[in-house]
Amino acid sequence: MGIEEQLREGIAEAFAELVSGGELPAAVTSAKFSVERPRRAEHGDLATNAALAVQKLSGKAPREVAGLLKARLEARHDVASVEIAGPGFLNLRLKEAAFQRIAGEVLRAGEGYGRAASAVRGRAMVEFVSANPTGPLLISHGRGAMVGDAIASLMEATGYHVNREYYINDHGNQVRLFAASVRAAARKVDPPEGGYGGGYVHELATYLTAHGAAALASEDDGALARICVTRMLDGVPGVPELKGIKATLASIGVRFDTFTSEDALHRWGRVDGCLDELERQGRLEVREGAVFMKTAEFGDDKDRVVRKADGHTTYFAADIAYQIDKFRRGYDHLVLVLGADHHGYEGRLRAGIRAFGFDDARFEVMFFQLVNLLRDGTPYKMGKRLGNLITIDEIVDEIDEAAQRKGAGADALRYFYLSRHWNTSIDIDIELAKKATVDNPVFYLQMGYARLCSIVRRAEEHFNIEPPPWSERLAARIAHPDELAMLAQLGRYPSIVADACDAREPHRILFYLDELSKQFQSYFTRLKLEGDAILPLRSQMQEPDWRERWDLDKSLARLLWVRCIQTVYRAGLRLLGITAVERMDPLVGREPEPRED
RNA sequence: GCGCCUGUAGCUCAGCUGGAUAGAGCGUCAGACUUCGAAUCUGAGGGUCGGGGGUUCGAAUCCCUCCGGGCGCGCCA
């Protein structure tokens with residue numbers, strides 16, 4: 001339990017005591033109040049508006065209530081002092097030991113720090129990406145992939161059992177058109193009206209021709225479509241341009257637990273069954289040859305077609321069947337991550353869910369906004385293609401190559417996609433993402449972690465010591481104000497994770513890590529200049545009696561402290577799917593700045 | 001026209017679901033290295049939170065309205 005939560009409970013207890021003592025009305029126990037780290041240092045380590053929050057419920061002046069709370073909070077063993085400020089804020093200062101204990105909590109929990117017990121909040125499904133298997137994944141799909149994956153990870157960390165699912169739209173017009181386009185390419189004729197024309201279509205046609213796919217010769221679009229979809233998902237051996245959607249996702253660290261096929265829903269009769277049920281309910285109506293579902297009865301803007309006049313069902317019909325299928329598979333909570341261009345869909349999906357008697361409060365849709373690629377500040381264009389038609393593979397490969405590290409591209413995409421709220425549109429500058437300098441925030445973040453690792457490494461290699469286990473004696477040596485402030489920051493991590501999950505905002509984790517990183521690097525550089533380093537500096541070791549003057553316990557205490565930061569840092573990076581690089585090699589071709597003398 | 005998202009420093013964005021004097025990065029300017037990784041750090045400057053009303057002890061945050069941007073409004077997926 002974090003330090004804020006402890007105080008929150010303390011206040012709740014204080015209210016309960018005051019109620020039972022007849023000093024406050026019972027209503028105050030239901031009040032919501034904040035416990036937070038004040039922006040300004042003179043407001044203490046923690047502040048609460050509890051006395052203000054119960055103003056109406058208590059019928060007393062806030063400062064009077066604050067006085068009552070103050071007396072009780074001062075009795076708590078972690079509290080050094082309590083001050084009443086302004087209209088009735090309570091500003092608390094904590095004892096050093098309260099912060100030093102956080103180090104013990106972090107080390108005890110290790111990688112599990114900030115994570116809730118598994119599956120206590122039930123089963124959830126996060127559906128994301130679900131891109132049509134008619135082409136490679138584009139950078140806009142990448143945003144959905146990163147956001148969905150991060151949401152899923154957050155939910156896992158806070159106690160959901162999560163299933164990541166990809167819905168394959170392998171039924172209907174688009175895939176048939178795709179198949180027809182591949183066949184046309186194989187026969188060296190123009191693709192059909194509205195068909196697909198990219199280079200990958202020709203690559204696929206060449207491959208299928210070489211492997212004598214019978215469906216290519218026939219006119220059976222359905223059979224050919226199945227083959228093409230499989231190849232788009234699983235890739236074409238030996239053709240780098242067609243590594244496959246699954247491989248692309250894997251390259252950016254996204255793995256799905258399940259893939260559900262729309263075509264299978266049809267083959268299994270789920271779609272027809274669903275329409276039959278709606279028919280029995282009287283929710284369907286034929287107008288001008290098409291079958292409409294009366295979704296407006298469930299709050300949609302207007303009724304929607306489920307079966308076209310030509311007899312084919314619509315995508316929407318299958319989608320109802322799909323959402324219902326999810327509920328019937330036993331998920332307590334459904335999250336659907338979609339691009340902003342699908343937002344018109346939400347109303348009809350909810351209508352479908354409610355028609356089947358499921359609670360649409362358990363159905364959550366997140367619409368992420370568009371992505372624009374820039375190169376040196378100007379919109380990215382390649383030939384006729386606009387920026388958002390660039391594939392994930394192209395970008396990832398380009399960044400990997402520039403950074404000379406496999407995974408650098410994935411990390412950069414993760415960082416940039418997760419550093420902004422998903423409901424705002426973003427511009428990503430590829431040239432910036434490629435840079436291995438502090439201008440590049442991804443680099444800065446990873447650098448901070450590598451630096452922590454390097455300190456532990458140096459301790460082992462040069463001094464033969466390593467971060468010791470927590471003890472009250474050593475923890476008491478973690479006493480520098482910056483060190484205590486960072487312990488407070490570590491103590492905040494669990495509630496950051498919980499809040500980020502509940503708000504569905506992964507960027508909070510990233511901002512937290514950026515701050516943690518900055519806090520440490522600032523400390524690190526300043527103390528080095530003051531000669532008060534974690535380990536003896538090389539310059540100090542020039543002196544003959546440096547060993548006698550070396551405060552070993554302080555070094556050990558600080559190594560313990562470094563290990564704590566490292567632990568939380570790594571946990572956060574892992575949660576976001578960004579690689580925790582332990583050693584960053586010097587960049588090739590980078591010369592040290594010439595020094596002016 | 002209707003619906004969803006959005007408007008905060010020169011630029012890119014936070015602002016913990018109503019709290020105290022609105023923050024960070026980049027950029028600009030001024031500083032700090034015989035380095036536990038200077039691939040870093042310190043400081044300065046920079047804002048009528050798009051405009052106007054309202055709600056209350058208190059609003060960037062909630063409500064109304066206007067203005068500007070993005071997306072959507074198919075018997076496409």
Side-chain angles (χ1 to χ4, degrees), chain A residues 34 36-40 42-43 47 49 52-53 55 61-62 85-89 91 132 134 169 171-175 177 194 262 287-292 301-302 304-310 312 314-316 318-319 339-347 367-370 377 419-421 423-427 429 432 436-441 443-444 447 450-451 454-459 462-463 492 495-496 499-500 502-503 505 507-508 511-512 514-515 518 521-529 533-540 542 555 558 562 583-584 586-587 590 592-593 595:
Chain A
S34 70
E36 57 192 16
R37 169 184 55 149
R39 270 197 274 272
R40 308 183 65 79
E42 63 259 37
H43 293 153
N49 67 348
L52 287 162
Q55 188 168 7
F89 291 104
N91 295 331
N132 283 354
T134 53
N169 297 122
H171 183 91
N173 240 347
Q174 290 304 314
V175 281
L177 204 51
E262 180 188 4
R287 293 175 208 159
E288 297 166 18
V291 183
F292 282 71
D301 302 337
K302 52 183 172 184
R304 308 290 175 174
V305 174
V306 289
R307 191 183 293 282
K308 297 181 269 187
D310 68 5
H312 286 108
T314 59
Y315 176 88
F316 170 54
D319 229 350
D341 52 340
H342 289 77
H343 86 251
Y345 240 72
E346 184 174 0
F367 296 105
F368 62 89
Q369 301 293 314
L370 297 185
S419 65
R420 309 237 191 299
H421 199 299
N423 67 6
T424 63
S425 61
I426 54 174
D427 300 322
D429 196 313
L432 174 61
T437 69
V438 283
D439 302 345
N440 182 349
F443 179 82
Y444 180 86
M447 170 66 202
R451 198 168 222 188
S454 120
I455 291 165
V456 173
R457 241 186 344 256
R458 182 165 186 266
H462 292 260
F463 303 96
R492 216 164 283 131
S495 62
I496 296 279
D499 292 349
D502 291 346
E505 292 180 356
H507 75 269
R508 295 192 192 186
F511 276 81
Y512 172 85
D514 272 345
E515 195 178 333
K518 194 187 163 207
Q521 305 223 48
S522 165
Y523 160 91
F524 180 84
T525 306
R526 278 182 291 114
L527 266 75
K528 182 171 61 187
L529 289 173
I534 296 169
L535 298 167
L537 298 170
R538 238 163 252 152
S539 55
Q540 292 168 333
Q542 300 300 314
S555 285
R558 286 178 169 179
V562 163
R583 190 191 291 268
M584 298 192 89
L587 256 200
R590 186 184 171 86
E593 295 287 322
R595 190 167 300 142

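Residue numbers start from 1 in every chain, and the chains themselves are labelled A, B, ... in the order their sequence lines are given, proteins ahead of strands.
- An OP1 or OP2 oxygen of B:rU42 is reached within less than 4.0 angstrom by a side-chain nitrogen or oxygen of A:S522.
- Closest heavy-atom contact between A:A533 and A:R558: O-NH1, 3.3 Å.
- Under 4.0 angstrom from either OP1 or OP2 of B:rC76 there lies at least one side-chain N or O belonging to A:K308.
- Within 3.5 Å, no donor on the side chain of A:D341 pairs with an acceptor on the base of B:rG72, nor the reverse.
- Donor-acceptor pairing under 3.5 Å, judged by distance alone, is present between the side chain of A:H343 and the base of B:rG3.
- Nucleic acid contact class of A:A85 (heavy atoms, under 4.0 Å, all strands): base.
- Nucleotide B:rC71 is matched to B:rG3 when pairs are restricted to Watson-Crick or G-U wobble geometry with both distances under 3.5 angstrom.
- Proximity of a side-chain donor or acceptor of A:N49 to a complementary backbone N or O of A:S34 within less than 3.5 Å is detected.
- From A:I534, atom CD1 reaches atom OH of A:Y523 across 4.5 Å, with rounding to the nearest 0.5 Å.
- Nucleic acid contact for A:E346: none, since no nucleic acid atom lies under 4.0 Å from a heavy atom of the residue.
- Annotation: B:rA39 and B:rC26 have their P atoms spaced 15 Å apart (nearest Å).
- Side chain of A:T424, nearest nucleotide from B:rC41, B:rG19, B:rU6: B:rU6.
- Cation-pi geometry between A:R287 and A:F292 is satisfied (NZ or CZ under 6.0 Å from the ring centre, within 45° of the ring normal).
- Among the protein residues, A:R304 comes within range of no part of the nucleic acid, since none of its heavy atoms lies under 4.0 Å from any strand.
- Comparing atom distances between the A:K302 side chain and each of B:rG74, B:rA77, B:rU42 picks out B:rG74 as nearest.
- Put simply, the side chain of A:S34 and the base of B:rG19 share no donor and acceptor less than 3.5 Å apart.
- With RNA chain B read from its 5' end, the first of the two nearest nucleotides for A:F292 and A:L529 is the one closest to A:L529.
- An OP1 or OP2 oxygen of B:rG15 is reached within less than 4.0 angstrom by a side-chain nitrogen or oxygen of A:H507.
- OP1 or OP2 of B:rC4 has not a single side-chain nitrogen or oxygen of A:N423 nearer than 4.0 Å.
- For A:F511 and B:rA24, the ring-to-base geometry does not satisfy the stacking test (centroid distance below 5.5 Å, interplanar angle below 30°).
- Here the side chain of A:L370 is nearest to one of B:rC71, B:rC16, B:rC76, namely B:rC71.
- Atom CG in A:L177 sits about 11 Å away from atom P in B:rA77, given to the nearest Å.
- Among the nucleotides B:rC16, B:rC57, B:rC41, the one closest to any side-chain atom of A:Y444 is B:rC41.
- When Watson-Crick and G-U wobble pairs are counted only if both distances are under 3.5 Å, B:rC62 pairs with B:rG54.
- Within the 4.0 angstrom heavy-atom criterion, only backbone atoms of the sugar-phosphate kind lie near A:H421; the bases stay farther away.
- Residue A:S454 has its side chain nearest to B:rG37 when only B:rA14, B:rG37, B:rC71 are considered.
- Residue A:R458 has its side chain nearest to B:rG37 when only B:rC41, B:rA38, B:rG37 are considered.
- Using a 4.0 Å heavy-atom criterion, one finds that A:Q55 contacts the bases of the nucleic acid, with or without backbone contacts as well.
- At B:rG37, none of the side-chain N or O atoms of A:K528 fall inside 4.0 Å of OP1 or OP2 (strictly under the cut-off).
- Ranking B:rA77, B:rC57, B:rC75 by closeness to the A:Y345 side chain, first place goes to B:rA77.
- Here the closest non-hydrogen pair linking A:R508 and A:A503 is NH2-CB, 3.4 Å.
- B:rC16 and B:rG23: their P atoms are spaced 13 Å apart (whole Å).
- Shown here for A:P38 and A:A47, the closest heavy-atom pair between the two residues is CG-CB, 3.7 Å.
- B:rC11 and B:rC75: their C1' atoms are spaced 47 Å apart (whole Å).
- Residue A:A53 is the one, among A:A53 and A:A340, whose nearest nucleotide of RNA chain B lies closer to the 5' end (criterion: closest heavy atom).
- Listed nucleotides B:rG37, B:rU6, B:rA38 differ in distance to A:M447; the shortest reach to its side chain belongs to B:rG37.
- With centroids closer than 5.5 Å and planes inclined by less than 30 degrees as the test, A:H342 and the base of B:rA77 pass as a stacked pair.
- A:S555 and A:L535 get closest at one heavy-atom pair: OG-CA, 4.2 Å.
- Between B:rA22 and B:rU48, the two P atoms lie 13 Å apart (nearest whole Å).
- Considering only the side chain of A:A309, B:rC75 comes nearest among B:rC75, B:rA20, B:rC36.
- With hydrogens and angles left out, the side chain of A:D319 and the base of B:rA77 share no donor-acceptor pair within 3.5 Å.
- Each of B:rA77, B:rU35, B:rC57 was ranked by its minimum atom distance to the side chain of A:Q174; first place goes to B:rA77.
- A syn orientation is assigned to B:rU17, its glycosidic angle lying within 90° of 0.
- Whole-Å rounding puts the A:Q542 CD to B:rU35 C1' distance at 13 Å.
- The separation of B:rG19 from B:rC62, taken at their P atoms, amounts to 11 Å, rounded to a whole angstrom.
- Using bins of under 30°, 30° to 60° and over 60° for the plane-to-plane angle, the ring pair A:H507/A:H421 lands in the tilted bin.
- Nucleotides B:rA24 and B:rG52 are separated by 30 Å at their C1' atoms, to the nearest Å.
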